[in-house]
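I have placed the structure first, in the form of structure tokens, so that the comments after it can refer back to it.
Just so we're on the same page: letters track the sequence lines, and every chain starts at 1. Note that these values count all heavy atoms, side chains included, but never hydrogens, waters or copies made by symmetry.
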2 protein chains.
Amino acid sequence: MKSDHILSNICQYISLSPVEKDYFLSLLEEENLSKKEFLLSQGESCNHIYFVNSGILRAFHINQEGKDSTVMFAVKDWWITDMHCFLNVLPSMVNIQVVAPCSVLKLSKNNLDKLYDEIPRFNKFFRILMQNAYCREQLRTIQNLSLPALERYEQFIKKYPHIANAVALKQIASYLGITPEFLSAIRAKND
Amino acid sequence: MKSDHILSNICQYISLSPVEKDYFLSLLEEENLSKKEFLLSQGESCNHIYFVNSGILRAFHINQEGKDSTVMFAVKDWWITDMHCFLNVLPSMVNIQVVAPCSVLKLSKNNLDKLYDEIPRFNKFFRILMQNAYCREQLRTIQNLSLPALERYEQFIKKYPHIANAVALKQIASYLGITPEFLSAIRAKND
DNA sequence: TTAAAAAAATAAGATATATTAAGAAATTGA
DNA sequence: TCAATTTCTTAATATATCTTATTTTTTTAA
């Protein structure tokens, strides 16, 4: 199992002994996925949190009218799940689908709970992870509310250039909350 | 200092000995604020996180064009700050203003860091707090992207009836990302 | 390599939401 | 209590964004 990325991700914030590292790794499972595969489907229960070793994933919600809204992208070194459903054992609100072939490490809710018991320091790690996720999400809310579509697009490609280059424009439009046609139009106007 | 609310808020998730409770309380400061006072102003550095004993606060961002976007409301038992600025010691992106007279307990960044050192269990508490905040924010993002204004309004008053009753309609409009005039119009159409 | 499928661009017409302006209602503060 | 201020409503016009349809370009898979 490819574990170097996840260990350095964690050891940015907490230190682990060799024994603890081994214990942690024993709770993980590796999974390899090809393009368009689903890691999670809306309505299913969501029992795992995923760490991305390589590749790109997209989490998106489909509403009653069939409209596709991108919740997040995840690339190398990101964690992804439907957090609300994962934590509260509820049916998922989102789909998670492979955009570019992935290697992920999955951690089940049960194993995460064990991990907190065995190595309480992981509370600190996930606190920091959740803090960062919350701050990112809040900044996105502010920008969604206060900026017009073109500026949201510009902020997105500035903040996530690697993602912007790797995913379809219509998926970026879906992240920004606009139609692909409109994104096309505002891009054309500004060249 | 009125400490019963904050202690029961914390002891929902972690247990504290009497000594630990006292130590924690020794790190807090009470503040009483009247309507329209600012707890934090955009551009200022944000050194505290606030727990609301009573009253209502509103966090909002003013963009370059002067448009007001409400980031969050906080009522009894909520925590509020500009989290990103608080954690990273950056100038605040938001204002926090009193909507209804408040009693708050403030905890400084320095004291929070001390607290993590002295009682590492607080990592668990803030992990859960941040998890909940992240999930709420993510749900809001999904709704902002996928629902039209009227449905976002209906969800808001359903989810936060006490807030909806206590704050100005134009502040709800600002939370929803629409103008007060438009909120008026869609409310009128649906009565 | 090529046919098929998917994505992107373009454009016309439709709709949701914003802007401006004015008057009515509610709240505030002296 | 009352004048002043703020908030809410209404309505006309303006604008951002969507919808639908078509064509072009790119990607995919056999």
Side-chain angles (χ1 to χ4, degrees), chain A residues 33-38 55-56 58 60 62-70 73 95 97-101 143-157 163-191, chain B residues 33-38 55-56 58 60 62-70 73 95 97-101 143-157 163-191:
Chain A
L33 302 140
S34 39
K35 198 161 172 174
K36 296 193 182 172
E37 269 193 81
F38 281 79
I56 305 181
R58 182 174 76 102
F60 62 101
I62 302 288
N63 76 356
Q64 289 181 326
E65 286 88 43
K67 182 178 172 186
D68 168 321
S69 302
T70 295
F73 296 100
N95 304 279
Q97 191 180 21
V98 177
V99 174
Q143 294 185 340
N144 279 168
L145 296 178
S146 69
L147 297 181
L150 175 62
E151 288 175 49
R152 299 208 303 279
Y153 172 66
E154 289 169 343
Q155 293 279 350
F156 179 82
I157 55 181
I163 297 176
N165 281 324
V167 308
L169 269 179
K170 64 180 226 176
Q171 295 174 338
I172 298 176
S174 150
Y175 180 93
L176 299 173
I178 59 178
T179 58
E181 294 84 353
F182 186 56
L183 180 53
S184 247
I186 59 183
R187 270 161 51 97
K189 211 183 305 181
N190 275 72
D191 279 342
Chain B
L33 301 139
S34 39
K35 200 163 171 175
K36 297 194 181 170
E37 269 192 82
F38 282 79
I56 305 182
R58 182 174 76 103
F60 62 101
I62 303 288
N63 75 358
Q64 289 182 325
E65 286 87 43
K67 182 179 173 187
D68 169 321
S69 302
T70 294
F73 296 102
N95 303 279
Q97 191 181 19
V98 177
V99 174
Q143 294 185 340
N144 279 168
L145 295 179
S146 69
L147 299 180
L150 176 62
E151 288 175 50
R152 298 206 305 277
Y153 172 67
E154 289 169 343
Q155 293 280 349
F156 179 82
I157 56 181
I163 296 176
N165 281 325
V167 307
L169 269 179
K170 65 178 224 177
Q171 294 174 340
I172 298 178
S174 150
Y175 181 92
L176 299 173
I178 58 179
T179 58
E181 294 85 354
F182 186 56
L183 179 54
S184 246
I186 60 183
R187 269 161 54 95
K189 212 183 307 183
N190 276 72
D191 278 341

Task: Atom-pair distance (CG on B/Asn165; C1' on C/dT27), nearest Å - done: 17 Å
Task: Nearest listed nucleotide, side chain of A/Phe182, among C/dA16, D/dA16, D/dT10 - done: D/dA16
Open item on the list: Whole angstroms only, please: what is the OH-P distance between A/Tyr153 and C/dA9?
Closed with: 9 Å
TODO: Would you please confirm or rule out a distance under 4.0 Å between OP1 or OP2 of D/dT28 and any side-chain N or O of A/Lys36?
DONE: no
Task: Nearest atoms (heavy-atom pairs only) where B/Leu145 meets A/Thr70 - done: CD1-O, 3.6 Å
TODO: Specify the closest pair of heavy atoms between A/Ala164 and A/Ile157, including all atoms of both residues, with the distance to one decimal.
DONE: CB-CG2, 3.5 Å
Task: Interface residues of residues 170-180 of chain B with DNA chain C (non-hydrogen, below 4.0 angstrom) - done: B/Gly177, B/Ile178, B/Thr179
TODO: Locate the shortest heavy-atom distance separating A/Lys170 from A/Pro180; write the atom from each residue and the value.
DONE: CB-CG, 3.8 Å
Task: Whole-Å distance separating the CG atom of A/Leu169 from the P atom of C/dA7 - done: 11 Å
TODO: Name the closest nucleotide to the B/Ala168 side chain, picking from D/dT10, D/dT17, D/dT7.
DONE: D/dT7
- [ ] To the nearest Å, give me how far apart CG (B/Leu183) and C1' (C/dA18) are.
- [x] 14 Å
Open item on the list: Expressed as a whole number of angstroms, how long is the span from B/Ile186:CD1 to D/dT10:P?
Closed with: 13 Å
TODO: Select base, sugar-phosphate, or nothing to describe what A/Ala188 touches, counting heavy atoms under 4.0 Å on all strands.
DONE: sugar-phosphate
Task: Between P of D/dC18 and CD of A/Glu65, the distance in whole Å - done: 14 Å
TODO: On DNA chain C, check which nucleotide each of B/Glu181 and B/Lys189 is closest to and give me the residue with the more 5' one.
DONE: B/Lys189
Task: Atom of B/Leu147, atom of B/Gln155 and distance for their closest heavy-atom approach - done: CD1-CG, 4.0 Å
Task: Nearest non-hydrogen partners of A/Val167 and A/Gln171, listed with the distance - done: CB-OE1, 3.5 Å
Task: Minimal non-hydrogen separation, A/Ala166 against A/Ile56, with atom names - done: CB-CD1, 3.2 Å
Open item on the list: With a 4.0 Å cutoff (strictly under), does any side-chain N or O of A/Lys67 reach OP1 or OP2 of D/dC18?
Closed with: no
Task: side-chain contact (heavy atoms from CB on, under 4.5 Å) against A/Ile62, all qualifying residues, sequence neighbours excluded - done: A/Gln42, A/Phe60, A/Asp68, A/Asn95
TODO: Round to the nearest Å and state the distance from B/Glu151 atom CD to C/dA16 atom P.
DONE: 12 Å
Task: Rounded distance in Å - NZ (B/Lys35) to C1' (D/dT7) - done: 11 Å
